[in-house]
Engineer: 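What follows is a structure written as structure tokens; I'll ask about it next.
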Amino acid sequence: MKLLSIDTSNYALGVALLDGNQVIGEYITNIKKNHSVRVMPAIEALMKDCDIKPSDLSKIVVAKGPGSYTGVRIGVTIAKTLAWTLNIPLTGVSSLEVLAASAGRYFNGVISPIFDARRNQIYTGLYQYDKGEIITKSKDQLVLSKDWAAELKERSEKVLLLGNDLPLHQETFEEIIGAQAVFAEITEHNPRPAELALLGRNKEAEDIHSFVPNYIRLAEAEANWIKANKEKIRK
């Protein structure tokens, strides 16, 4: 089985190819450039380098959010289009789960991946490895970083915090959690698209037409529109 994985849910762009039990190609960048003009050339270059044709693919796996509203939408749209065009299965995986899996496999404790959501808020969840499998301890959510830190403090266990946005909130965790907090190295902050492929390999396929991203919250523009048109919506 040859899988293509796609992650454009945040600044880091990642694509990977998994052939059975072997990672045959992986591409990652973490720069502020438009994913919409870069992801297809990245996919094409990786497949060319690995001598893989589109017809060779057996499945598409995509990071379905949360994260950047535009970034998540780009990745999901491309994944759906490829899966539909090639008539192959599509599977979505939490973007936070991908990040947790990218660095926490051998950590003896819980894992809290962090994406910044502005206004002192973060997207996060809580994961842990059990007998080689990653499990969800707390579902993905949008929460104030100080509230999340207080919740982690109550657990009284070591927690690995990671993500490119972690430095924006690290002081909060240091003050509230203290010695419970373990901060990942800079080389562990990028979500690995190969981990995404591995996570999605055995997950059930989803209906391509009804598949939607998990934004957790509405885009700010949509939220503002709903607020401004609340009375009209009620009518």
Side-chain angles (χ1 to χ4, degrees), residues 7-14 28-32 35 63-73 75 92-129 134-192 195-196 199 213-224 226-227:
D7 187 353
T8 61
S9 56
N10 288 279
Y11 281 131
L13 180 155
I28 305 172
T29 61
N30 183 33
I31 51 179
K32 295 181 181 180
H35 290 338
K64 64 179 182 180
S68 158
Y69 178 84
T70 302
V72 172
R73 184 175 57 189
V93 177
S94 161
S95 302
L96 288 165
E97 183 179 357
V98 177
L99 179 55
S102 297
R105 180 172 277 104
Y106 303 107
F107 180 71
N108 186 23
V110 291
I111 311 155
S112 178
I114 302 292
F115 297 151
D116 181 57
R118 300 181 181 180
R119 301 184 182 91
N120 298 315
Q121 299 177 105
I122 56 174
Y123 294 117
T124 189
L126 203 62
Y127 296 87
Q128 188 171 31
Y129 270 92
I134 192 167
I135 58 174
T136 303
K137 304 289 286 187
S138 293
K139 67 178 183 179
D140 294 353
Q141 57 195 280
L142 174 68
V143 63
L144 288 168
S145 56
K146 65 180 181 64
D147 291 344
W148 183 244
E151 185 173 332
L152 293 176
K153 181 68 175 178
E154 292 180 359
R155 298 184 68 92
S156 300
E157 59 185 323
K158 290 286 187 179
V159 54
L160 175 66
L161 295 123
L162 71 162
N164 286 306
D165 297 330
L166 178 59
L168 298 173
H169 304 275
Q170 185 164 332
E171 186 176 338
T172 298
F173 289 107
E174 288 174 337
E175 290 178 354
I176 298 175
I177 301 178
Q180 284 178 237
V182 177
F183 300 105
E185 290 291 345
I186 58 171
T187 54
E188 299 173 315
H189 289 322
N190 284 330
R192 291 278 309 278
E195 290 286 359
L196 169 60
L199 289 169
N214 177 24
Y215 296 120
I216 292 186
R217 71 175 178 186
L218 294 173
E220 187 171 5
E222 287 184 286
N224 290 339
I226 291 173
K227 183 178 179 180

Engineer: Compare every heavy atom of A12 with every heavy atom of N164, then report the nearest pair and how far apart it is.
Structural biologist: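 Between these two residues, the closest heavy atoms are ND2-CB, 4.4 Å.
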Engineer: Which heavy atom of P66 sits nearest to which heavy atom of F115, and what is that distance?
Structural biologist: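 Answer, listing the atom of P66 first, then F115: O-CE1, 3.5 Å.
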Engineer: So, for I176 and K146, which heavy atoms are closest and what is the spacing to 0.1 Å?
Structural biologist: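 Here I176 and K146 meet closest at CD1-O, 3.7 Å.
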Engineer: Among residues at least two apart in sequence or on other chains, which ones pass salt bridge (Lys or Arg N to Asp or Glu O under 4.0 Å) with E195?
Structural biologist: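 If we apply the salt bridge (Lys or Arg N to Asp or Glu O under 4.0 Å) test to E195, skipping adjacent residues, the hits are R105.
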Engineer: Looking only at heavy atoms, what is the nearest atom pair of G125 and L96, with distance?
Structural biologist: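 Shortest heavy-atom separation between G125 and L96 comes out as N-CD1, 4.1 Å.
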Engineer: Is the side chain of Q180 donor-acceptor paired with the backbone N or O of G178 at a distance under 3.5 Å, no angle test?
Structural biologist: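 Looks like no, no N/O pair under 3.5 Å.
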Engineer: Provide the closest heavy-atom pair for I134 versus A100 in the form atom of the first, atom of the second, distance.
Structural biologist: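 Nearest heavy atoms, I134 then A100: CD1-CB, 4.0 Å.
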Engineer: Measure the NE2-CZ distance between H189 and F183 for me, rounded to the nearest 0.5 Å.
Structural biologist: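 The distance works out to 9.5 Å.
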Engineer: Hey, is CG on N108 packed in by over 12 heavy atoms from elsewhere, all under 6.0 Å?
Structural biologist: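 Check fails, neighbour count at 12 or below.
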Engineer: Looking at A184 and L162, what are the two nearest heavy atoms and their distance?
Structural biologist: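 Answer, listing the atom of A184 first, then L162: CB-CB, 3.5 Å.
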Engineer: Would you give the length of the straight line joining atom CD1 of I122 to atom CG of L168, rounded to the nearest 0.5 angstrom?
Structural biologist: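 With rounding to 0.5 Å, CD1 (I122) is 11.0 Å from CG (L168).
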Engineer: Has S9 got a side-chain atom pairing as donor or acceptor with G71's backbone, closer than 3.5 angstrom?
Structural biologist: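 Not a single qualifying donor-acceptor pair exists.
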Engineer: Are the side chain of S145 and the backbone N or O of Q121 linked by a donor-acceptor pair below 3.5 Å?
Structural biologist: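 A pair under 3.5 Å: no.
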Engineer: Roughly how far, to the nearest 0.5 Å, is the CD1 atom of I114 from the OH atom of Y123?
Structural biologist: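 Y123 atom OH to I114 atom CD1 measures 13.0 Å (nearest 0.5 Å).
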Engineer: Within this structure, what is the CD-CD1 distance for the pair E157 and I177, rounded to the nearest 0.5 Å?
Structural biologist: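 The CD atom of E157 sits 11.0 Å away from the CD1 atom of I177.
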Engineer: So, the side chain of S102 versus the backbone of P191: is there a donor-acceptor pair under 3.5 Å, distance only?
Structural biologist: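 Answer holds: no.
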Engineer: Using side chain to side chain contact (heavy atoms under 4.5 Å, CB included) as the criterion, point out the one residue from L13, L99, I28, N10 that pairs with N190.
Structural biologist: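 Among L13, L99, I28, N10, the one that satisfies the side chain to side chain contact (heavy atoms under 4.5 Å, CB included) with N190 is I28.
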Engineer: Would you say I186 has more than 12 foreign heavy atoms packed within less than 6.0 Å of its CD1?
Structural biologist: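 Open: at most 12 neighbouring heavy atoms sit under 6.0 Å from CD1 of I186.
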Engineer: Quick one: NZ on K64 to CG on L196, what's the gap to the nearest 0.5 Å?
Structural biologist: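 So the NZ of K64 and the CG of L196 are separated by 11.5 Å.
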Engineer: Starting at CG of D116, measure out to OG1 of T124 and round the result to the nearest 0.5 Å.
Structural biologist: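 Output value for this atom pair is 12.0 Å.
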Engineer: Tell me if the centroids of the rings in Y129 and F107 come within less than 6.0 Å of each other.
Structural biologist: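 No, too far apart.
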